[in-house]
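Proteins come first, then strands; the chains are lettered A, B, ... in the order of their sequence lines, and each starts at number 1. Computed from a predicted structure; not experimentally measured.
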2 protein chains.
Amino acid sequence: MARRVTSHDVAALAGVSRSAVSLVLNGRAEGVISAENQAAVRAAAKELGYRPNGIARSLRSAATHTIGVITDSIASGTYGGAMISGATDVAARKGYLLLAIDSHQDRELEVEAVDMLRARQCDALLFAAEGLHSWQPPESFLAEKCLLLNAFDPQGRVAGVVGDEEVGGRRATELLLEAGHRRITYLTGTDEVIANGRRITGHREAIERSGAHSTLVPCGWEIDAGLETGTRVLDVAEPPTAIMCANDRVAAGVFLAAARLGLRIPEDLSVVGYDDDPNVAPQLGLSTVLLPHRAMGERAASLLLGALDGKELPTGEIPVDSPMVRRESVAAPRS
Amino acid sequence: MARRVTSHDVAALAGVSRSAVSLVLNGRAEGVISAENQAAVRAAAKELGYRPNGIARSLRSAATHTIGVITDSIASGTYGGAMISGATDVAARKGYLLLAIDSHQDRELEVEAVDMLRARQCDALLFAAEGLHSWQPPESFLAEKCLLLNAFDPQGRVAGVVGDEEVGGRRATELLLEAGHRRITYLTGTDEVIANGRRITGHREAIERSGAHSTLVPCGWEIDAGLETGTRVLDVAEPPTAIMCANDRVAAGVFLAAARLGLRIPEDLSVVGYDDDPNVAPQLGLSTVLLPHRAMGERAASLLLGALDGKELPTGEIPVDSPMVRRESVAAPRS
DNA sequence: GTGAAAGCGCTAACAA
DNA sequence: TTGTTAGCGCTTTCAC
């Protein structure tokens, strides 16, 4: 770690002043610095491997090109990483980097994290939640340009980028309706998960518009719940021709239930999942609604970057489309 | 975003000089600043909500309390997040934050990422790989305090924190041996995955020491390979009494194969996996070797932090223990 | 026990 | 067209 090269060294080697170096390297030299001096500066910079000290530059310009991110437990799940990764990529493309810290769902740590990030003069703040939920931002968070990811502010003071769960619930239902199903069962998740209610709303909308019939059966989120509830629902005189599942793991349970009962998918039973879980959906050939985590992260970063560019930040919830991933688990019902 | 509070404001309110503020707030005031002035400074700082500007402090002290992290594609898999999360937590506890950027396995982006991180004066650099592999650090990377995570330098110039795959392979094997198995089949992964060879080495060691017999059958890493190869291996006159699997997904395939053939686990067949995949192992009750991603991340951060504290960085590979997770899939063979 | 002054590396206004 | 200067906010001698 030899002493760092500074603009002073470059200026000396090129035989110009430090300001000349600054102008040339920041593209503000045209018509200000002679062509040969420009060349000399560039040559010297290259020879010395000069990189401007970002800290000094930040101090001067009062901009760190850094977005502070508070995550609530992002690494524990399968999906959180995709959001952060999407945000990182979009930010990096504009020269911004993410400074991340995890609060482990601890309110005190959250506040402390905001403080740490603010002390480092982040240009903007982002709060990212593993699972969609309501989040009350501390005052210090609101003092900056800020945004929520996979979360929303109950008081609506900050905008939040979220997956469009209603559309997702509607799409999954419509896929079954369009295939011709009229007797549909929806194995729902649990109410403490906010997405659940929204998906149900979307589902009901689609059903009502169609005139078909659906039954909602509380189930849960895990494979064994899918197996158990799926078996109960299917092992009756007039079973549904299609099942919509709370998520892909439940769908996997339904696959098992169907296999047990000798029902083939999709010939005897159509199944649609939710999440596009990479560990489940492709293996099963499951048609499912994609939770657009990466796109959400990208969206959040680009909104924040826009705000730093002077654009207005939106308010309220910013839904990101949840597309349908079609595989082989849905077909027309046996007539 | 009202104008930021500076030490100047605090000094003015407390009626002292800026240097006094600095001394008090950094705990260097004892015996230097009068008790009442100290109290005044603290009161003023609190009232104004003063936080020292980290950028200015960094410029002054030439230390940013930041670790730059280059990831190669960390968010795409199930495990990468745990490493980063472990590192983040350990670093945060010492006031360090991670500045992360993803190279998407692109060499040019890698070099650029190192440049960006160096320009921001990170105190140390970490390269983290999703899957264990060899990585050739650019010169610019080596110019800093640096370390590899889940990777190793073929030329040995930087140390790399890795999971102990040999021990893992040995442990999995020993679990079966201790249960009394003498006819074991190992469904191996593929050679382009470096961990595979190491696990095989560990496996062979354990087998040789025991005098038991094992057969290695190339299989792969996915559930369908496990099902297919598992079926082939089990559907013979004298099948193995235990199967060791390349990973947990393969083990899931073996579970399916066993079910098809009417073999109960663990009564008729013992199975051991690798990874402790949270999406697979608990659901199956699978005994498996834990890939200690979080511990690896923690280890890397604490080594780097130690180095910043003046301690020597080790060289070569730094293995982190891969513990056995015992569940129900292993029992004594039917005699 | 306290405050003035210098300087980290950079950029932008200003003077030459 | 160029170089000099001031200052971002902080810490740390060094006089007082």
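- Taking only side-chain nitrogens and oxygens, B:Ser7 comes nearer than 4.0 Å to OP1 or OP2 of D:dC10.
- Note on ring orientation: taking the six-membered ring where Trp is involved, the planes of A:Phe127 and A:Phe141 are perpendicular (angle over 60°, cut-offs 30° and 60°).
- Comparing D:dG9, C:dT2, C:dC10 by their closest approach to the side chain of B:Asn53 singles out D:dG9.
- For C:dG9, neither phosphate oxygen OP1 nor OP2 lies less than 4.0 angstrom from any side-chain nitrogen or oxygen of A:Tyr50.
- Contact annotation for A:Ser19: base contact, defined as any heavy-atom pair under 4.0 Å involving a base atom.
- Taking every heavy atom of both residues into account, A:Gly297 and A:Leu149 meet most closely at CA-CD2, 3.9 Å.
- Separating the CD1 atom of B:Ile55 from the C1' atom of C:dC8 is a distance of 13 Å, rounded to the nearest angstrom.
- Atom CD in B:Glu36 sits roughly 11 Å away from atom C1' in C:dG1 (whole-Å rounding).
- Donor-acceptor pairing under 3.5 Å is lacking for the side chains of B:Asp72 and B:Ser103.
- When distances are taken from the side chain of A:Arg57 to each of C:dT2, C:dC10, D:dC10, the shortest belongs to C:dC10.
- Annotation: B:Gln155, atom CD; neighbour count of heavy atoms from other residues, nucleotides and ligands within 6.0 Å is above 12.
- Rounded to an integer number of Å, the gap from CG of A:Leu23 to C1' of C:dT11 is 8 Å.
- Here the nucleotide nearest the side chain of B:Ile33, chosen from D:dT11, C:dC10, C:dT2, is C:dT2.
- Look at A:Asn37 and you'll find a side-chain N or O under 4.0 angstrom from OP1 or OP2 of D:dT2.
- Considering B:Val24, B:Leu23, B:Leu25 as possible partners of B:Val21, the one that fulfils the side-chain contact (heavy atoms from CB on, under 4.5 Å) test is B:Leu25.
- Distance CG (A:Leu25) to P (C:dG9): 17 Å, rounded to an integer number of Å.
- Comparing D:dT2, D:dT11, D:dT4 by their nearest atom to the side chain of A:Ser17 picks out D:dT4.
- Among the protein residues, A:Leu59 comes within range of the nucleic acid bases, having at least one heavy atom under 4.0 Å from a base atom.
- Across C:dG3, D:dG9, C:dA12, the shortest atom-to-atom separation from the side chain of A:Arg28 is found for C:dA12.
- Comparing atom distances between the A:Val16 side chain and each of D:dG3, C:dG3, D:dT12 picks out D:dG3 as nearest.
- Between D:dT2, D:dC10, C:dT11, one nucleotide has an atom nearer to the side chain of A:Arg60 than all others, and that is C:dT11.
- Straight-line distance from the CZ atom of A:Arg120 to the P atom of D:dC10: 15 Å, rounded to whole Å.
- Positionally, the nearest nucleotide of DNA chain D for A:Val32 lies more toward the 5' end than for the other of A:Arg18 and A:Val32.
- One interatomic measurement links the two molecules: NE2 of A:His8 to P of C:dT11, which rounds to 15 Å at whole-angstrom precision.
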